[in-house]
Amino acid sequence: MFLTISTTGTAQNPATDLGFLLHKHPDNRHTRNVSYGTAHVFFPEAATGRCTAALLLEVDPVALVRRGKGKGKGRGGAPDAALAQYVNDRPYAASSLLAVALSAVFSSAMRGVCEARPERAARPLPLRVEVPALPASGGAGVVRALFEPLGWTVTVTPVPLDVRFPHWGDSRYVQLVLEVPDGKLTLGEALRHLYVLLPVLDDAKHYWVSPDEVDKLLRAGDGWLAHHPEQELITSRYLARRRSLTREAKERLELVRLADADDTDVEELDNAVDEETDTDTAPVPLALRRREAILAALTAAGAARVLDLGCGQGQLVQALLQDARFTEIVGLDVSMRALTVASRRLDLARMGERRAERVTLLQGSLAYTDKRLKGYDAAVLSEVIEHLDVERLPALEYAVFGSARPRTVLVTTPNVEYNVRWESLPAGHVRHGDHRFEWTRAQFRAWAREVAERHAYGVEFAPVGDDDPEVGPPTQMAVFTRTDRKEVRAA
Ligand code: SAH
């Protein structure tokens with residue numbers, strides 16, 4: 001198993017700095033035992049203009065079988081399956097083993113640490129990575145989809161099954177060349193890309209995937225994975241398709257993504273400006289009218305135990321607390337940052353005990369079913385659905401209407417038709433940077449009616465804010481009420 005990393009340089013920035021960055025002197029050969037064999041690092045070329053480090057991993061297939069999960073599997077299996085434990089591509093093809101070796105021999109470099117040249121480690125450099133035999137599950141397209149969004153120029157050359165018989169076609173291996181010009185990636189970033197993506201391409205992890213694998217993935221994915229368009233494929237394959245781990249990784253990456261998009265929260269709070277009200281010039285801010293409409297609908301439904309799903313910074317939770325009719329209030333949000341602001345706003349620590357007992361803040365994602373949300377009278381989704389990708393709405397729908405199933409569900413969302421009335425909103429713009437979509441009244445109603453139909457709810461609609469004769473109200477609200485038999489009997 002083999003991989004080379006090259007860089008180019010000048011008299012001021014000699015390419016041989018690569019040796020410092022990798023903590024390996026270019027004149028020496030470095031050998032180290034790793035769990036499945038021996039890793040060698042050497043420098044086939046080391047000059048001011050160009051320097052290449054090579055990582056060669058000699059795999060011990062027997063050690064692999066002894067320690068790996070192959071051990072129990074072969075017993076009692078077909079004889080050729082037993083043989084396959086010893087005769088396989090592991091020694092030759094780049095894979096998760098190479099990734100593990102990479103992290104063992106270049107651990108400081110991967111973390112971006114370089115004692116001898118600290119400033120050099122933080123600076124991007126031109127790079128070329130070559131992997132002569134890479135199992136590319138999914139083919140060249142997947143290789144490109146994984147590396148190109150990270151800034152790499154990708155050259156994939158299929159490796160024929162047998163050079164003597166070209167008509168046999170290609171093997172599942174490719175020769176991979178990755179290149180990035182100066183100014184884009186640091187060596188640490190590049191190594192972290194390889195550490196995650198080589199096993200993803202191999203798609204056959206050699207070791208048991210343990211729960212701390214998620215930590216490793218997120219550490220190596222820091223700064224790029226949360227925003228990678230193929231994030232789902234990467235996490236699912238990296239974690240060997242273990243559902244619970246993939247789900248955990250997804251949720252934690254969602255937090256990262258939201259935190260990144262969330263940078264203005266605290267400042268906004270200090271200025272006492274409600275989210276999404278800055279384009280609102282009406283005397284009563286729209287956010288306040290929305291809360292009033294929600295409180296009125298909850299009261300009309302006779303709800304006492306209420307979920308505020310996607311509670312954000314806790315304004316509605318606070319308003320609910322001020323009304324003794326609401327005996328139990330749960331605010332849930334995926335963003336830890338929003339919850340921190342919410343708990344500061346509510347001043348939970350100094351709140352009287354009886355009041356504090358009425359409120360709980362939970363971190364969780366509406367894209368997954370959650371047992372903690374079962375058994376409430378009502379759930380509010382105030383300006384939340386538009387923050388999820390449309391493809392994830394069915395998951396939210398199931399979590400709320402299929403699993404939590406409160407008697408009443410209130411959903412508010414912007415009415416995109418009204419956007420022409422916002423003076424400060426340029427044509428065609430959504431109201432908030434993180435909105436994934438904004439719907440017309442017809443679109444929202446069609447969605448809501450289908451949801452109601454699928455989950456045995458009735459639905460009615462109400463405007464929030466001034467109901468413009470032409471374009472409708474700025475905010476639209478749907479009030480869902482459960483109609484299934486069990487509920488009718490209980491009522
Ligand atoms: N309900 C509040 C906040 C709306 S902003 C209000 O009306 O003012 C949307 C909120 O939804 C954000 O706080 C965001 O963190 C949260 N959110 C987005 N996706 C989510 C998900 N999948 N699960 C839970 N909350 C989510």
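First listed ligand is number 1; within each ligand, the first listed atom is number 1. The residues of the chain are indexed from 1 along the displayed sequence.
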N/O separation below 3.5 Å, [X] to ligand 1:
X	answer
Cys311	no
Asp333	yes
Ser382	yes
Glu383	no

Interfacing atoms of ligand 1 (cut-off 4.0 Å, heavy-atom, [X]):
X	value
Gly310	1 (N), 2 (C), 3 (C), 10 (C), 11 (O), 25 (N)
Gly364	23 (N), 24 (C)
Ser335	15 (O)
Leu366	21 (C), 22 (N), 23 (N), 24 (C)

So Phe444 and Trp447, would you call those rings parallel, tilted or perpendicular, with 30° and 60° as cut-offs?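 Phe444 and Trp447: parallel rings.
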
Is the His193 ring parallel, tilted or perpendicular to the Trp152 ring (thresholds 30°, 60°)?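 It falls in the perpendicular class, over 60°.
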
Is there a side-chain contact between Pro473 and Arg441 (heavy atoms, below 4.5 Å)?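 With C-beta onward as the side chain, the pair touches.
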
With Val384, the side-chain contact (heavy atoms from CB on, under 4.5 Å) member among Leu366, Thr413, Leu309: Leu366

Do Glu328 and Tyr376 get their side chains close enough for a donor-acceptor pair, meaning under 3.5 Å?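 The criterion, which ignores hydrogens and geometry beyond distance, is satisfied for Tyr376 and Glu328.
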
Can you tell which part of Leu388 has a heavy atom less than 4.0 Å from ligand 1: side chain, backbone, both or neither? side chain

Ala287 heavy atom under 4.0 Å from ligand 1: no

Passing candidate, side chain to side chain donor-acceptor pair (under 3.5 Å) with His455, options Arg405, Arg482, Glu397: Glu397

Locate the shortest heavy-atom distance separating Arg358 from Thr327; write the atom from each residue and the value.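 Where Arg358 meets Thr327 most closely, the heavy atoms are CG-O, 3.2 Å.
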
